[in-house]
Structure formats: structure tokens, C-alpha cells
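Worksheet: one structure, shown below.
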Amino acid sequence: MAPPPPQQPKNRSRGPAATGGNGRPPRRMASRDAAERAAFFARREAAAVLRRVLRGDAARRSSGSIKSLVYSPTVRNKRATFALVCQTLKYLPILKEVLGSSGVLNSKWKKQEELVIVTAYDILFGQGIAVSGSAEELIMLHKDNLRRALERICAKRKVSSVEDLLGKETAVKPKPRFLRVNTLKTTTESVVEELSKIHMVNNDDMVPDMLVLPPGTDLHSHPLVTNGKVFLQGKASCMVAVALCPKPGWKVIDACAAPGNKTVHLAALMKGEGSIIACELNKERAKTLQHTVRRSGANNIQTVNGDFLDIDSNDPSYAEVRAILLDPSCSGSGISTERLDHLLPSHSRDDQDDASTSSRVMKLSAFQKKALSHALSFPSVERVVYSTCSIHQAENEDVVNAVLPLATSLGFELAPPFPAWRRRGLPIFEGSEHLLRTDPEDGLEGFFIALFVRKAAGGDVEPPNEDAVELGREEPNEGVAVEARRKQARRRRGGVWAFSSLRLSRMILCPDGGFW
């Protein structure tokens with residue numbers, strides 16, 4: 001018979017240090033243990049984000065910005081994870097050199113490289129100690145060797161400290177915190193009343209249901225945000241949906257919809273009426289889109305995990321599409337600072353070339369022309385907004401200029417979104433004054449918006465949205481108008497406007513820049 005386990009001696013002491021009468025020593029131990037557990041999980045969440053960031057950067061096909069990945073629903077300790085990811089990226093070249101020279105990243109740990117790198121940063125430059133986890137044990141075991149490797153690198157480059165090895169940080173001018181009230185769930189007045197208790201809140205003077213708070217205001221964990229009553233969305237981004245000005249009851253396509261902030265903004269402008277088809281080709285981004293739609297409470301959005309270019313514009317099921325928002329993949333050069341792109345390995349490579357004429361931007365521009373030509377080919381569409389978060393002419397004015405002859409042949413004209421906005425398109429072709437640009441100098445992100453409006457039967461362009469005019473007005477004789485649009489669409493399909501989307505894209509992308 002096995003002997004019973006030995007009994008632990010009872011602690012007879014009544015002193016506070018042993019019993020925790022005042023609680024201080026035990027609480028300090030418990031607090032230290034809790035902090036270490038939190039750090040343990042934060043490192044693993046940071047490693048998962050870092051893996052996606054680095055793989056996307058290497059392939060130049062980002063699955064999201066650092067902020068969007070960190071503030072996704074799957075990350076629990078967002079603040080600690082965000083700090084770890086940013087700091088690890090800041091020290092990444094040094095960490096890789098140190099780990100490489102020390103032989104720590106052997107084949108056994110190669111599959112967990114990101115976790116080792118994050119842990120190395122946290123121990124060498126952050127907390128200094130970690131007592132749990134195999135990666136932590138690895139770095140603690142080699143800690144002295146890693147510190148000696150750092151000293152050798154500093155001596156070799158003739159600097160006195162590790163900070164001297166770091167490049168100059170990009171200065172970020174503080175911008176106001178913009179947020180959009182989701183009128184599908186609440187009212188602007190109630191949100192102002194709630195937030196005014198803890199922040200200074202102002203209404204934006206141009207975009208409806210947009211509030212302005214002081215720079216640096218962090219609302220990511222606020223109940224208004226987590227329950228979808230408020231969306232943390234930049235002003236320039238919100239101007240895109242307002243420029244499209246879809247009316248309640250319309251059928252609308254959001255061609256490249258993820259992460260979905262503009263999609264649900266469209267739903268709010270339409271008061272939840274009508275229907276929105278939200279397309280997203282990337283499977284993971286489509287999941288993010290679906291989450292955004294659920295959080296918004298919109299019930300008139302159909303998400304499609306597929307390619308907008310695969311939609312047959314002459315399919316009868318799309319005959320009543322009245323408006324299309326096209327915000328396609330772009331370089332993101334207008335929001336690179338907000339995205340923290342200066343922390344990515346590719347940033348130093350981009351600095352060596354002219355990013356505006358890089359092969360990547362040229363490929364994006366070709367895709368953007370193809371997507372815009374396809375959007376204009378839908379027979380009943382009346383309004384098309386083309387937008388980017390890029391500052392490059394190749395992705396903005398050049399795309400519009402290339403597609404403009406086709407747009408004109410289909411009965412479209414450029415109309416000025418937000419006519420009172422002073423910053424317009426670059427003057428490279430006649431009509432570019434109708435285009436809209438925003439710039440960091442305006443305290444906003446760098447965005448570009450082009451609004452195409454189809455001429456009415458009499459030859460006039462339908463009046464564009466005048467800074468969010470009556471979005472809810474109904475059209476008289478809607479049944480008659482629908483039948484008229486159907487007849488017009490049939491004439492276009494059977495007459496001079498009967499181009500296939502493939503032919504349209506070929507027309508736009510032919511090498512000499514003209515039609516054939």
C-alpha cells in the first residue's frame with residue numbers, strides 16, 4: 001500500500017508577513033504573478049499580430065494595419081499588445097542581428113520566430129525578466145550572451161547606447177479624434193451627452209453625425225464603441241459615403257468593402273432601407289467585414305466573399321443597382337503614418353525608390369482602372385464614387401483621366417463632392433477641379449474622392465450631395481422611374497453602350513492609353 005503523501009506543517013505564525021494580516025507581502029506577490037501572467041499572454045498576442053504584419057509586409061499584401069490587427073476582437077489585452085508590437089518593430093533590425101549572432105534562433109525555434117523576437121525585446125529592453133513560458137526560459141538562459149552581443153554591435157558601430165542604433169523616429173502631428181455616430185442604433189445627441197461627461201466634444205461642421213474629440217482620446221474599450229453605437233472612423237473616410245449619397249430604398253454595391261466602416265456608414269445614410277451588396281475577395285478580411293456589419297446592427301447588407309470583377313454587370317439581378325462605392329486596394333500612402341508603416345521593414349526599402357512610380361503602385365493603378373471601368377458598366381447605376389487613401393497621382397487623377405472617355409461615352413460626368421471643400425484634384429486635365437483631395441495639412445488623412453454622376457434623360461447631371469443634404473427624401477413616381485431605368489438599361493445593352501466588362505477593361509488598359 002502506497003504511503004500517504006506527507007502533510008505540510010501548519011503555519012502557526014500570526015504575524016502579518018506570514019498570514020497577510022495587512023495583506024501587503026502576499027498582495028505584492030499576487031500582483032507580481034498577475035502582471036507576469038498578463039505579460040505572458042500579451043507576448044503571445046503580440047507575436048501573432050507581428051507574424052501577420054511581417055508576412056503581409058514581405059508579400060506587399062497587408063491583411064490590415066498594425067492598429068486594425070491589434071484592435072480586432074480576437075486580441076484581449078489591446079493596450080499591452082499594441083505597445084509590444086510597435087516597440088518590437090522599432091527594435092526589429094537590432095533584435096534579429098543579436099539573435100542571429102548568438103545562435104538562439106535555431107531550427108527548433110524557427111517556427112516560433114516572432115514569439116522569440118517579442119520575448120527578446122521584452123526581456124532585453126522592456127521588463128527585464130520573465131519567469132514563465134518556454135520562450136521566456138530560452139531568452140533568460142541566453143540573456144547574458146545577448147547583452148554581450150549588443151555591446152559588440154554598439155562597439156562596432158561606434159555608438160554609446162542601443163538607442164543610438166535606432167533610426168530617427170517619424171514625427172506624427174497630433175490629429176483630432178474623429179468618431180461617427182451609428183444612427184442605426186442611437187442618436188448623435190445621446191452620444192454627445194454621454195461623452196461630454198468625460199471629454200470635450202464638438203460636432204463636425206461638414207460630415208453629419210460626426211463628432212470631434214481632442215487628439216489622443218482613446219475610446220477603443222468604451223461601451224459606445226464596443227457595442228457599435230459609435231465607430232472610430234476618420235473624417236476623410238466618412239466623406240466617401242456621404243459623397244455617394246445613396247437614398248433610402250436604393251440598391252447599392254460596395255465593391256471592395258472590408259473592413260466595412262464605409263459599408264455600414266452607407267447603411268446608416270440609407271436609414272437601413274434598400275439593400276447593400278458588400279464584396280470582399282480576401283477571406284480573412286471578409287470575416288472582419290462580417291463582424292463590422294454585425295456590430296453595426298445593419299440588416300440590409302449582404303456580404304459576399306468574392307471578386308467584384310466577377311459580377312456580370314448585365315445580370316438582371318443587378319439591373320436596379322443605383323450606386324456603387326469603389327474604394328479599391330491602394331498603396332495606403334495617405335494613411336501610412338496612421339498605419340505606422342514607418343515601422344515596417346519595407347519602409348526603408350521604399351525610401352530608396354520613388355514610391356509614387358514604383359512597380360507596385362503601377363500594378364495597383366492598372367487594377368484600379370479596371371475596377372472603375374467595371375463599376376461604370378452597370379446599366380442602371382446613377383452615382384459612382386471612386387476613392388483611395390493614397391496621395392499618389394498614379395492612383396488618383398491618372399486613374400480618373402484614363403477612364404473619363406469611357407465614362408463620358410456611358411453618359412457620366414464628374415461632379416464635385418463637397419463643393420465648399422478648398423483642396424481639389426491636381427490640375428492635370430480639364431475637369432480635375434471636380435475631384436477632391438484631403439491632406440495631413442488639413443488635420444486629416446490623405447484621401448482622394450471622385451464622383452461620377454450619370455446625366456438625366458434631359459442631359460443634365462443630377463445635383464450632387466451638398467454637404468449631406470436631405471438624404472431621406474423620396475422620389476416621386478418611383479415605380480415609373482424604375483421602369484424607365486430598366487428600359488434605358490436594355491437600350492444600353494443592345495446599342496452603342498453594349499460593351500462587356502472584359503472589353504471595357506481592355507479599352508482602359510491598352511498600352512497606348514487610348515481606345516481600340
Side-chain angles (χ1 to χ4, degrees), residues 35-36 38-63 65-66 69-70 77 80-170 336 339-353:
E36 175 53 34
F40 174 87
F41 289 111
R43 292 182 201 115
R44 278 138 187 86
E45 290 189 317
V49 171
L50 185 65
R51 184 178 300 112
R52 294 185 65 184
V53 168
L54 293 179
R55 288 181 179 179
D57 185 56
R60 307 308 296 266
R61 292 178 62 87
S62 173
S63 56
S65 68
I66 297 170
L69 292 174
V70 169
N77 193 344
T81 301
F82 182 68
L84 265 177
V85 171
C86 290
Q87 289 299 103
T88 301
L89 284 168
K90 180 180 175 182
Y91 284 82
L92 186 61
I94 302 171
L95 289 167
K96 284 192 169 185
E97 186 172 353
V98 168
L99 292 169
S101 64
S102 303
V104 173
L105 275 175
N106 54 34
S107 57
K108 175 184 175 182
W109 289 98
K110 202 63 179 175
K111 292 183 179 179
Q112 299 186 62
E113 179 178 2
E114 294 81 10
L115 176 58
V116 173
I117 291 173
V118 169
T119 305
Y121 162 76
D122 207 19
I123 292 176
L124 293 176
F125 307 113
Q127 299 192 42
I129 189 169
V131 296
S132 61
S134 56
E136 286 80 357
E137 292 174 359
L138 173 73
I139 299 302
M140 290 301 295
L141 179 65
H142 294 276
K143 183 177 179 180
D144 291 339
N145 290 336
L146 295 173
R147 289 200 179 280
R148 283 193 289 270
L150 273 173
E151 292 172 359
R152 288 194 298 270
I153 293 172
C154 289
K156 181 179 179 180
R157 299 183 187 175
K158 299 179 180 180
V159 297
S160 58
S161 68
V162 174
E163 285 67 28
D164 294 332
L165 295 172
L166 302 174
K168 294 182 180 180
E169 294 190 23
T170 301
S336 60
R339 287 170 53 94
L340 305 176
D341 286 355
H342 60 280
L343 296 175
L344 300 177
S346 63
H347 182 73
S348 58
R349 296 195 300 268
D350 287 344
D351 285 346
Q352 299 172 5
D353 304 311

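These numbers were taken from a predicted model, which means no experiment stands behind them.
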Would you call [X] and [Y] a side-chain contact if the rule is heavy atoms closer than 4.5 Å?
| X | Y | answer |
| --- | --- | --- |
| L92 | L54 | yes |
| L95 | V118 | no |
| V162 | F125 | yes |

Enter the distance from [X]:[atom1] to [Y]:[atom2] here, rounded to the nearest 0.5 Å.
| X | Y | atom1 | atom2 | answer |
| --- | --- | --- | --- | --- |
| L99 | I139 | CG | CD1 | 5.5 Å |
| L138 | K143 | CG | NZ | 13.5 Å |
| M140 | L146 | CE | CG | 10.5 Å |
| T88 | Y121 | OG1 | OH | 6.5 Å |
| R147 | I123 | CZ | CD1 | 9.5 Å |

For [X], what residues pass the side chain to side chain contact (heavy atoms under 4.5 Å, CB included) criterion, not counting sequence neighbours?
| X | answer |
| --- | --- |
| E113 | K96, L105, K110, I117 |
| A149 | V98, S101, S102, R152 |
| Q112 | W109, L115 |

When every non-hydrogen atom of A46 is compared with those of L84, the smallest separation belongs to CB-CB, 3.8 Å

List the atom of R43, the atom of D122, and the distance in Å for their closest heavy-atom pair.
NE-OD2, 2.8 Å

Output all residues satisfying salt bridge (charged side-chain N to carboxylate O under 4.0 Å, His left out) with R51, sequence neighbours left out; order by chain, then residue number.
E114

Under the rule for salt bridge (charged side-chain N to carboxylate O under 4.0 Å, His left out), what residues qualify as partners of E151, not counting sequence neighbours?
none

Which residues pass the side chain to side chain donor-acceptor pair (under 3.5 Å) test with T81, not counting sequence neighbours?
E45

With a distance cut-off below 6.0 Å to the six-membered ring centre and an angular limit of 45° from the axis, does R44 pair with F40 as a cation-pi contact?
yes

